[in-house]
Amino acid sequence: PISGMAIPLLEEGASFDAAPFVAHHGSQRANSQRMRAGFAFLTASILAVAMVVSLRHENWPTELGSAETMHSWEDGMYPSGAVFPAGYHFGDNNVFGKRSVFGAGDTFGKDNVFGEASTFGAGAKFGSDNDFGEDEKFGPGSELKDRETIGEDSTLGQGSVVGSFNQFGSGVHFSKRDTIGRHNMFGAKDEFGRNDQLGAFNEFGAGSLFGSRVMFGKEQQFGAENTWNGPTYLRGNDLFGFRNYGIPAGDLPESDKERWEEQ
């Protein structure tokens, strides 16, 4: 038998018709070629998918942990809406898209740019000279250093620490017990929580609101129509715009009383 077919015995002088055998083996070869082509296509497809996954994630760390450094997707450019796990250390000069979500305890270097409406987990730490968009949300215990730019309508969580020479947009909301350094510039209608502490030489825009028991360093410059709510601690030599309201007379240092009365 050949491939399941029996060869008939031929009488002497009889002719042999090979066509059925040729056709049968031709059909087998065609089927075999089609199967090989199918396997080749399947293998190529799997390899292509693997290459795409590798290219998209080749720069990501293989193990997650607080000691890992998050590398960039492509030359420090991260897409909008990206979600990052907790405990990562980002370097310098990265650009993050808007609506990014960062985990608790993430740390960042300097000169990074963050898109608007991003959220930072509790205890996030930043180097200097970062640029933040508007409507950013910083979790409790965040730490910002010097020369940062924070967009309008952003929120800093309770117990955050801010350095010096920073610029804040309008409508920024500080929570209670935040600690803020010197020479910062605040926008109009910024809000400060109770028990906040601010260093010397800060400038406040018009319409700012201050909670009770806020402690200021010396030589603050307050804009117009600021409002204080409750006891206030001033060091003196401050400047006030017009129609400020709410500082109890007994809380004014001697050097501030005349200026307060004039306004």
Side-chain angles (χ1 to χ4, degrees), residues 119-126 128 132 134-263:
T119 301
F120 303 92
K125 296 181 179 180
F126 303 88
S128 299
F132 299 90
E134 62 184 33
D135 197 27
E136 311 284 38
K137 292 178 175 57
F138 300 89
S142 295
E143 296 184 17
L144 291 84
K145 285 194 175 179
D146 304 327
R147 297 179 301 280
E148 318 276 32
T149 303
I150 295 89
E152 62 184 13
D153 298 320
S154 295
T155 301
L156 278 80
Q158 178 177 329
S160 293
V161 178
V162 178
S164 300
F165 297 98
N166 300 295
Q167 295 187 10
F168 296 86
S170 61
V172 173
H173 179 80
F174 295 88
S175 301
K176 60 184 179 181
R177 289 192 287 275
D178 288 343
T179 302
I180 303 167
R182 300 150 58 101
H183 291 286
N184 293 292
M185 296 182 65
F186 301 96
K189 298 182 179 179
D190 286 353
E191 299 182 10
F192 299 83
R194 64 179 182 271
N195 297 112
D196 285 350
Q197 298 184 34
L198 296 100
F201 313 113
N202 292 301
E203 300 179 25
F204 303 89
S208 297
L209 300 176
F210 301 96
S212 62
R213 298 185 296 278
V214 175
M215 183 176 293
F216 297 91
K218 64 181 180 179
E219 297 185 32
Q220 309 289 324
Q221 296 186 37
F222 299 101
E225 299 180 334
N226 292 313
T227 302
W228 286 260
N229 180 22
T232 301
Y233 305 101
L234 297 168
R235 295 287 301 277
N237 296 317
D238 302 306
L239 297 176
F240 301 95
F242 60 90
R243 290 200 295 272
N244 286 282
Y245 174 79
I247 298 179
D251 292 346
L252 288 166
E254 284 298 322
S255 59
D256 286 355
K257 288 181 178 179
E258 183 176 354
R259 294 191 180 103
W260 180 261
E261 292 297 327
E262 288 175 352
Q263 62 89 27

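All values below come from the heavy atoms of this structure, side chains included, with hydrogens, waters and symmetry mates left out. Throughout, numbering of the chain's residues begins at 1 and tracks the sequence. Only a predicted model underlies this, so the values are computations on that prediction, with no experimental measurement involved.
Here the NE2-CG distance, from His173 to Leu209, works out to 10.5 Å after rounding to the nearest 0.5 Å. We find the CG-CD distance between Leu234 and Gln220 to be 7.5 Å, quoted to the nearest 0.5 Å. From Thr119, atom OG1 reaches atom NZ of Lys137 across 6.0 Å, with rounding to the nearest 0.5 Å. Rounded to the nearest 0.5 angstrom, Glu203 CD and Gln221 CD are separated by 4.5 Å. One finds the CD atom of Glu143 at 4.5 Å from the NZ atom of Lys125 (value rounded to the nearest 0.5 Å). From Arg194, atom CZ reaches atom CZ of Arg177 across 7.0 Å, with rounding to the nearest 0.5 Å.
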- prompt: Can you check side chain to side chain contact (heavy atoms under 4.5 Å, CB included) on Asp238 and Phe216, steps first, answer last?
  reply: CA-CA 10 Å; Asp238 302 306; Phe216 297 91; 5.9 Å; no
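Across every non-hydrogen atom of Gly141 and Ser160, the tightest pair is N-OG, 3.9 Å. Between Gly230 and Pro248, the shortest heavy-atom contact is O-CD, 3.7 Å. Of all the heavy atoms in Gly207 and Asn226, the pair that sits closest is N-OD1, 3.6 Å. The minimum heavy-atom distance linking Gly121 with Ser142 is given by the pair O-OG, 4.1 Å. Of all non-hydrogen atoms in Ser170 and Asp190, the two that sit nearest each other are C-OD1, 3.4 Å. Of all heavy-atom pairs between Gln263 and Phe240, the closest is CG-CB, 3.9 Å.
Side chain of Asp251 to backbone of Thr232: a donor-acceptor contact under 3.5 angstrom is found. Between the side chain of Asp146 and the backbone N or O of Ser164 there is at least one donor-acceptor pair closer than 3.5 Å. The main-chain N or O of Ser154 is never found under 3.5 Å from a side-chain atom of Asp135 such that the two would form a donor-acceptor pair. Judged by distance alone, with hydrogens and angles left aside, the side-chain atoms of Asn184 form a donor-acceptor pair with the main-chain N or O of Asn166 at under 3.5 Å. At least one donor-acceptor pair closer than 3.5 Å links the side chain of Asn202 to the backbone N or O of Gly181.
Within the 4.5 Å cutoff, the side chain of Ile247 has no heavy atoms near those of the Asp256 side chain. Residues Tyr233 and Arg213 meet the side-chain proximity criterion, which asks for heavy atoms closer than 4.5 Å. Looking at Phe174 and Leu198, their side chains never come closer than 4.5 Å, going by heavy atoms from C-beta outward. You'll find the side chain of Phe168 reaches within 4.5 Å of the side chain of Val162, heavy atoms only. Between Lys218 and Phe201, some side-chain heavy-atom pair lies under the 4.5 Å cut-off. Between Leu156 and Asp178, some side-chain heavy-atom pair lies under the 4.5 Å cut-off. Using a 4.5 Å heavy-atom threshold, the side chains of Glu261 and Lys257 count as separate.
Checked for salt-bridge contact, Lys145 and Glu148 miss the test: no charged N lies under 4.0 Å from a carboxylate O.
Remark: of the listed residues Phe204, Tyr245, Phe222, Phe222 is the sole one forming a ring pair (Phe, Tyr, Trp, His ring centres under 6.0 Å) with Trp228. None of Asn229, Ile180, Val172 except one satisfies the side chain to side chain contact (heavy atoms under 4.5 Å, CB included) rule with Phe192; the exception is Ile180.
Counted within 6.0 Å of CD on Glu258, heavy atoms from surrounding residues, nucleotides or ligands total 12 or fewer; the atom is thus considered open. Counting heavy-atom neighbours within 6.0 Å of Arg235 CZ, excluding the residue itself, gives a total of 12 or less.
Classified by interplanar angle (parallel below 30°, tilted 30° to 60°, perpendicular above 60°), the ring pair Phe132/Phe138 is perpendicular.
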